[in-house]
Structure formats: C-alpha cells, structure tokens
Amino acid sequence: MTVLVSVWGAASGVGKSTLCAGLSRAVAGAGLRVDHFREEEILSRSQFAAVAGEFGATGAVGLERLVAATGRFVASVLAGGDDVVIADALMPFVPTVLAMGHGEEAIDAFMADLTRALAPVRTVVVFLDGDAGAALSRAAEREEPGRLGWYVGKLAAFAVSPPVSDLASAVAYLRRERAVTLGAVRRQRWGLLVVGRADGLTPGEVLGAVGQGIRPWLHRLPCPRGRLTCGDAPAARARGGPRGAWRGGTGEWADAGRGAGGGEAGLKPWLPRLTSPRGRRRVNGDATAVRAGDPREARHGGRSR
C-alpha cells in the first residue's frame, strides 16, 4: 500500500520544505518510486485544477471540492505506482479550512470525509513543532525584505480568530492553528509523528529524527550508493532527541517535550509491505523477498521513475 507522508509545522520557516526534499532523496535512494509534492504544486497539479480555479476566483474553496480533488489525487498515485508520496503542507488542509472561517465541528466532519478519500493509502502526518515566533523570524531572515509583513497581512486578510494585526497576534493565531490541526488528526487516528523543538535543530538533525521512524523498513534495503543515510540522527540525540513514548494504540509518536520526536516505531505501522525495485522486507515479520531492478532517484516536484 502506498504511503502518504504529509509534512506540516508550527509556522512558516520551521523547515518543512527542506525536510521534504531531504526525505524524498533518502527514500528514493532505497530504490522506491517517490512523488515529491511541493507546496506550490497544488496550483499546477491537474487533480487540483478545480481547487486552484475556485480559489483564484473567490479566495476560498468548498470543502467538498477539496475532498473530491483528494480522491482524484489518490487515484493518480495508485495508477502511477508510486510507493511513497512526500507532501509539503498538503493533507489534511486544516490550516486552510480554519483560515476560511470554518469551526472545529465543520473541520471534524470534513476530516471524516477526507479520511474516507484517503483510505486506499496509508497516511502519516509529520509535524515539525517549535516556537512559531522564532520560525517566522528565521523565515524573514532568509526571504526577501517585507516577507514577514506580507505573511502577517495574508493572515489578517482572512479575518481569522484570534484576529491578526502584527507579529505577536500572528504567533497567537498560529498556536491555535497548531492545536486545531493536531487535534483533528488525532481524532481521526491518522499516523502522527511530532518532532519537538524542530526550530532549534539543524536540517540534518530534523531529517535524522524523522528518518528514525522510516529506518526499520528501509535500513536493510540495497541503496544505489551504499547504506541509507538520513540526516544526522546522532547529533539530534545528543541535543535531547529523539526520545519519547510510542503510543501504539493511537499510531502516534509523542516527543514529550524532549526535543526531536521520532524513533524506530515512528512510521513503522504505515510502511509495512511496500516493494522496492531491489527487494521487499516485512516490518512485522522475518520474511524477505528479493527481486532484481534498477534504483530510481526522486525528481523534485515530480515522480521518480
């Protein structure tokens, strides 16, 4: 079954796009077919054309249109034979739905419909947690001048609650967005991997922490360039993570505030029996079947073949 890894975070600048790029390369290095879905591609992928059109015309999108587009996307992934989708700020769309003025009851109903649309794939949300103010400041430093003001203005234009008028109020809103997003994911019992204090880790440490969750299935697969290397897990551990408690009943890895949440159980339940071009390994068993094939690397913004 195809695995959809959707990466979200506490704020812009926390490292979502960097993680998605690194994770796509690492997974493709194991010889798997990877679809790296960049954040901006929701405006150009054919399955989301109706979403992009409606948003461009009205500044909002009907929830039923989002669900229908998700169904089309899932169908295209299955038809294309992708093993893993690494999505940057895609499902579950909760921040977008919240910004459009929908309350938590409507969000829960939407999430139930979205969960049914995603049933043919195994969905895992990786959430990069941290201080929203620090993440926004970091984003402002690396972007063009005025970027932070633009972002605050964008939030203010949606008339969100609590209202946004400056950086402090934007941070307050993002804290609510975080709580609503994580709550909605947990109530639907999606897979959830929370990386705590991600804003204080290097990109390599974040990738290493998340890679800990994938490694039980990937670490023995033949790689095009030798053994799979996914970030800097030892350094992340030295700085306080990955540690935490695996909640097997909820499918969630909780970091318990100790730094980068992760661990060998993290994504294991959602990567059970994918077939690599060079082999297959059962996570929950000792049987391994091997067949020949050529390794393929991820292409940013598209599928690897």
With heavy-atom distances below 4.5 Å as the criterion, would you say the side chains of [X] and [Y] are in contact?
| X | Y | value |
| --- | --- | --- |
| Phe93 | Val61 | no |
| Ile42 | Leu90 | yes |
| His36 | Cys20 | yes |
| Leu19 | Val210 | yes |
| Leu78 | Val121 | yes |
| Pro95 | Trp8 | yes |
| Val164 | Tyr151 | no |
| Arg65 | Glu54 | yes |

Legend entry - Expected output: side-chain Arg176 to main-chain Pro162 donor-acceptor under 3.5 Å: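 Not a single qualifying donor-acceptor pair exists.
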
Legend entry - Main-chain N/O of Arg33 paired to Asp83 side chain as donor or acceptor, under 3.5 Å: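 Yes.
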
Shortest non-hydrogen contact from [X] to [Y]?
| X | Y | value |
| --- | --- | --- |
| Ala10 | Gly130 | CB-O, 3.7 Å |
| Gly9 | Val14 | CA-CG1, 3.9 Å |
| Pro92 | Val185 | CG-CG2, 3.9 Å |
| Ala117 | Val74 | O-CG2, 3.8 Å |
| Lys16 | Ala11 | NZ-O, 3.8 Å |
| Ser169 | Pro163 | CB-O, 3.5 Å |

Scan [options] and name whichever one has a side chain to side chain contact (heavy atoms under 4.5 Å, CB included) with [X].
| X | options | value |
| --- | --- | --- |
| Val97 | Leu66, Thr181, Val180 | Leu66 |
| Leu193 | Leu128, Val5, Val126 | Val126 |
| Thr70 | Asp113, Leu118, Val51 | Leu118 |

Approximate separation, where rounding is to 0.5 Å, of [X] [atom1] and [Y] [atom2]:
| X | Y | atom1 | atom2 | value |
| --- | --- | --- | --- | --- |
| Gln47 | Glu41 | CD | CD | 10.5 Å |
| Phe158 | Leu98 | CZ | CG | 11.0 Å |
| Ser137 | Leu167 | OG | CG | 6.0 Å |
| Asp108 | Arg187 | CG | CZ | 4.0 Å |
| Ile107 | Leu114 | CD1 | CG | 12.0 Å |
| Glu40 | Ser17 | CD | OG | 7.5 Å |

Inset, instruction - Answer yes if the side chains of Asp82 and Thr2 hold a donor-acceptor pair under 3.5 Å, and no otherwise. - result: no

Inset, instruction - On the 0 to 90° scale, with breaks at 30° and 60°, tag the Phe37-Phe73 ring pair as parallel, tilted or perpendicular. - result: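 Perpendicular: the ring planes of Phe37 and Phe73 meet at over 60°.
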
Inset, instruction - Would you indicate whether Arg175, at its atom CZ, is surrounded by more than 12 heavy atoms from other residues, nucleotides or ligands within a distance under 6.0 Å? - result: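 No, the 6.0 Å shell around CZ holds no more than 12 heavy atoms from other groups.
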
Inset, instruction - Check the pair Arg122, Val124 against side chain to side chain contact (heavy atoms under 4.5 Å, CB included), reporting the backbone distance first and the verdict last. - result: CA-CA 7 Å; Arg122 294 180 182 270; Val124 188; 5.7 Å; no

